J.: 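Let me give you the structure first, and then I'll get to my questions.
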Amino acid sequence: MAKIMRQTLREQVTQAIRMKLLTGELKPGTKIVEQEMAEELGVSRGPVREALRQIEQEGLVEYTSHVGCSVKDFTAQDVYEVYLLRANLEILSVKMCEGHFSQQTLKRMEEILNRMDSIEDLEHFDEAIENDNEFHECIIKESKLTRLYTLWNSMSGGNTIVFYRGAGKSEYVIHNQRKIHQKVFDALKTGDVNRICSTLMEHYMETINGYLIEHKISAQDFPYKINMEF
């Protein structure tokens with residue numbers, strides 16, 4: 001029982017610190033002192049240390065020699081890398097299952113699409129993020145490859161921070177989330193591997209392009225190719 005309670009505490013601390021990062025309460029470059037954070041959250045340093053290590057793996061903080069832990073600046077290049085990797089991991093999953101998605105998975109994804117339709121304003125923004133993650137999780141899990149899922153899931157923090165910092169936190173996403181993901185779902189139902197993979201890559205590249213536009217970064221000045229084949 002003590003072990004379970006300790007794990008629950010660690011998860012709560014991780015979520016609390018993560019939200020401080022995602023909402024901008026902790027700005028890029030801010031140094032995070034374990035003892036100060038522990039006192040603020042009313043816990044010991046152990047859970048804070050474990051939480052920061054996990055968040056470091058998500059790419060939201062970084063440790064520097066002789067400096068310690070600080071909030072990582074999430075750049076357009078980071079967005080590109082996270083979404084390029086997510087796209088290709090999901091494409092690999094599609095290829096591994098040869099484009100065949102179970103009726104159970106398709107039903108689950110349709111339920112998520114219906115939930116996307118029910119979100120009307122930014123007050124439910126966290127639900128929009130959760131819906132997006134669960135939708136794509138269905139794709140990656142269909143391969144039944146545990147390590148593939150683990151690698152994909154390690155970038156969930158990066159995906160969430162994109163929602164909070166641009167190409168995400170807008171009325172457009174709230175009102176068009178169903179439409180955006182419907183294209184992917186329609187491709188999945190065909191069982192056509194090439195069509196599914198092309199649609200997935202287009203889905204992620206459009207998000208990257210949206211991020212660049214929202215942050216007034218010219219595609220010509222961006223060092224990486226946006227429109228690419230899978």
Side-chain angles (χ1 to χ4, degrees), residues 11 54 57-59 78-120 124-164 167-168 170 172-212 224-230:
E11 290 173 349
Q54 179 176 331
Q57 293 176 359
E58 297 173 3
D78 292 314
V79 174
Y80 180 83
E81 186 173 359
V82 166
Y83 279 176
L84 180 65
L85 289 174
R86 277 173 64 101
N88 279 284
L89 290 173
E90 289 174 31
I91 285 171
L92 177 56
S93 181
V94 170
K95 291 181 177 180
M96 291 301 298
C97 67
E98 298 182 326
H100 299 305
F101 286 76
S102 70
Q103 288 302 309
Q104 181 179 2
T105 297
L106 292 175
K107 182 180 179 181
R108 169 68 174 152
M109 296 179 82
E110 192 161 24
E111 291 171 351
I112 297 169
L113 287 172
N114 290 333
R115 292 210 315 258
M116 290 178 179
D117 255 346
S118 68
I119 298 177
E120 299 179 352
H124 303 283
F125 189 64
D126 288 346
E127 293 177 32
I129 299 173
E130 182 179 348
N131 290 337
D132 175 82
N133 197 61
E134 288 185 18
F135 182 89
H136 287 278
E137 186 178 59
C138 289
I139 298 173
I140 204 71
K141 280 189 171 181
E142 196 70 10
S143 69
K144 306 296 191 297
L145 296 176
T146 304
R147 289 180 176 82
L148 183 65
Y149 171 75
T150 300
L151 182 57
W152 176 89
N153 194 47
S154 69
M155 288 174 284
S156 293
N159 181 50
T160 302
I161 204 168
V162 173
F163 268 86
Y164 271 96
S170 66
Y172 176 82
V173 170
I174 292 295
H175 295 301
N176 291 276
Q177 192 176 36
R178 167 68 182 258
K179 178 182 177 181
I180 293 168
H181 289 83
Q182 185 70 50
K183 292 171 60 177
V184 176
F185 184 66
D186 290 343
L188 289 173
K189 290 192 295 183
T190 68
D192 184 329
V193 173
N194 287 333
R195 178 179 171 182
I196 297 170
C197 294
S198 294
T199 304
L200 275 171
M201 183 60 75
E202 179 183 331
H203 173 82
Y204 277 109
M205 291 301 111
E206 284 181 355
T207 304
I208 295 171
N209 191 53
Y211 185 94
L212 295 180
Y224 302 101
K225 187 177 180 181
I226 302 300
N227 300 315
M228 60 175 62
E229 300 295 331
F230 69 88

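Predicted model, so just to flag it, every value in this text is computed and none were measured.
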J.: Between Ile161 and Val82, does a side chain to side chain contact (heavy atoms under 4.5 Å, CB included) hold up when you go through it step by step?
T.: CA-CA 11 Å; Ile161 204 168; Val82 166; over 6 Å; no
J.: Can you see whether Asn153 engages Thr150 through a side-chain donor-acceptor pair at a distance of less than 3.5 angstrom?
T.: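 The answer is no; no qualifying pair exists.
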J.: Out of curiosity, Ser156 OG to Ile129 CD1, how far, rounded to the nearest 0.5 Å?
T.: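 Reported to 0.5 Å precision, the distance equals 11.5 Å.
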J.: Carefully, step by step, assess Ile139 and Ile196 under the rule side chain to side chain contact (heavy atoms under 4.5 Å, CB included).
T.: CA-CA 11 Å; Ile139 298 173; Ile196 297 170; over 6 Å; no
J.: With a sphere of 6.0 Å drawn around CD of Gln54, does it hold more than 12 non-hydrogen atoms of other residues, nucleotides or ligands?
T.: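 Yes, the 6.0 Å shell around CD holds more than 12 heavy atoms from other groups.
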J.: Counting only N and O atoms by type, is there a donor-acceptor contact under 3.5 Å from the side chain of Ser198 to the main-chain atoms of Arg195?
T.: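 A pair under 3.5 Å: no.
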J.: Where do Ala128 and Gln177 come nearest, in terms of heavy atoms and distance?
T.: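 Taking every non-hydrogen atom into account, O-NE2, 2.8 Å.
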J.: For the atom pair CG (Leu151) and CG (Leu92), what is the distance rounded to the nearest 0.5 Å?
T.: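 Going from the CG atom of Leu151 to the CG atom of Leu92 covers 10.0 Å.
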J.: Side chains of Tyr149 and Leu89: closer than 4.5 Å at any heavy-atom pair?
T.: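 A side-chain contact under 4.5 Å is absent here.
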J.: Name each donor-acceptor pair under 3.5 Å that joins a side chain in residues 106-114 to protein atoms two or more places apart or in another chain, with its distance.
T.:
from	atom 1	to	atom 2	distance (Å)
Arg108	NH2	Glu134	OE1	2.7
Asn114	OD1	Arg178	NH1	3.1
Asn114	ND2	Glu110	O	3.3

J.: Drop me the distance from Thr199's OG1 to Asp186's CG, to the nearest 0.5 angstrom.
T.: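 The distance works out to 9.0 Å.
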J.: Is there a donor-acceptor contact under 3.5 Å linking the side chains of Glu127 and Asn131?
T.: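 Per modelled atom types, Glu127 and Asn131 side chains form no pair under 3.5 Å.
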J.: Return yes when atom NZ of Lys183 has more than 12 non-hydrogen atoms of other residues, nucleotides or ligands closer than 6.0 Å, and no otherwise.
T.: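 For Lys183, atom NZ is not crowded (no more than 12 foreign heavy atoms under 6.0 Å).
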J.: Working to the nearest 0.5 Å, report the span between CG of Asn159 and CG of Leu85.
T.: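 These two atoms lie 12.5 Å from each other.
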J.: Which value, rounded to the nearest 0.5 Å, describes the distance between Ile91 atom CD1 and Arg86 atom CZ?
T.: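 Output value for this atom pair is 12.5 Å.
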J.: Is the ring centre of Tyr204 less than 6.0 Å from the ring centre of His136?
T.: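 Yes, they do, as the ring centres are separated by less than 6.0 Å.
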J.: Considering only heavy atoms from C-beta outward, does the side chain of Leu212 approach that of Ile226 to under 4.5 Å?
T.: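 Yes; the side chains approach each other to less than 4.5 Å.
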J.: Would you say that Met205 contacts Leu84 through its side chain, given a criterion of any heavy-atom pair below 4.5 Å between the two side chains?
T.: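 The answer is yes, as the side chains (C-beta and beyond) meet within the 4.5 Å cut-off.
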J.: Quick check for you: to the nearest 0.5 Å, what is the distance between Asp117 atom CG and His181 atom NE2?
T.: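 Rounded to the nearest 0.5 Å, the CG-NE2 separation comes out at 12.5 Å.
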J.: Could you list the residues that satisfy ring-ring contact (aromatic ring centres under 6.0 Å, His included) with Tyr80, not counting sequence neighbours?
T.: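 If we apply the ring-ring contact (aromatic ring centres under 6.0 Å, His included) test to Tyr80, skipping adjacent residues, the hits are Phe222, Tyr224.
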J.: Test His203 against Glu90 for side chain to side chain contact (heavy atoms under 4.5 Å, CB included), laying out the working first.
T.: CA-CA 12 Å; His203 173 82; Glu90 289 174 31; over 6 Å; no
J.: Might you point out which heavy atoms bring Val94 and Cys197 nearest each other, and give the distance in Å?
T.: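 Minimum heavy-atom separation between Val94 and Cys197: CG1-SG, 4.0 Å.
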J.: Kindly determine whether Leu148 and Ser93 satisfy side chain to side chain contact (heavy atoms under 4.5 Å, CB included), including the steps that lead there.
T.: CA-CA 8 Å; Leu148 183 65; Ser93 181; 4.0 Å; yes
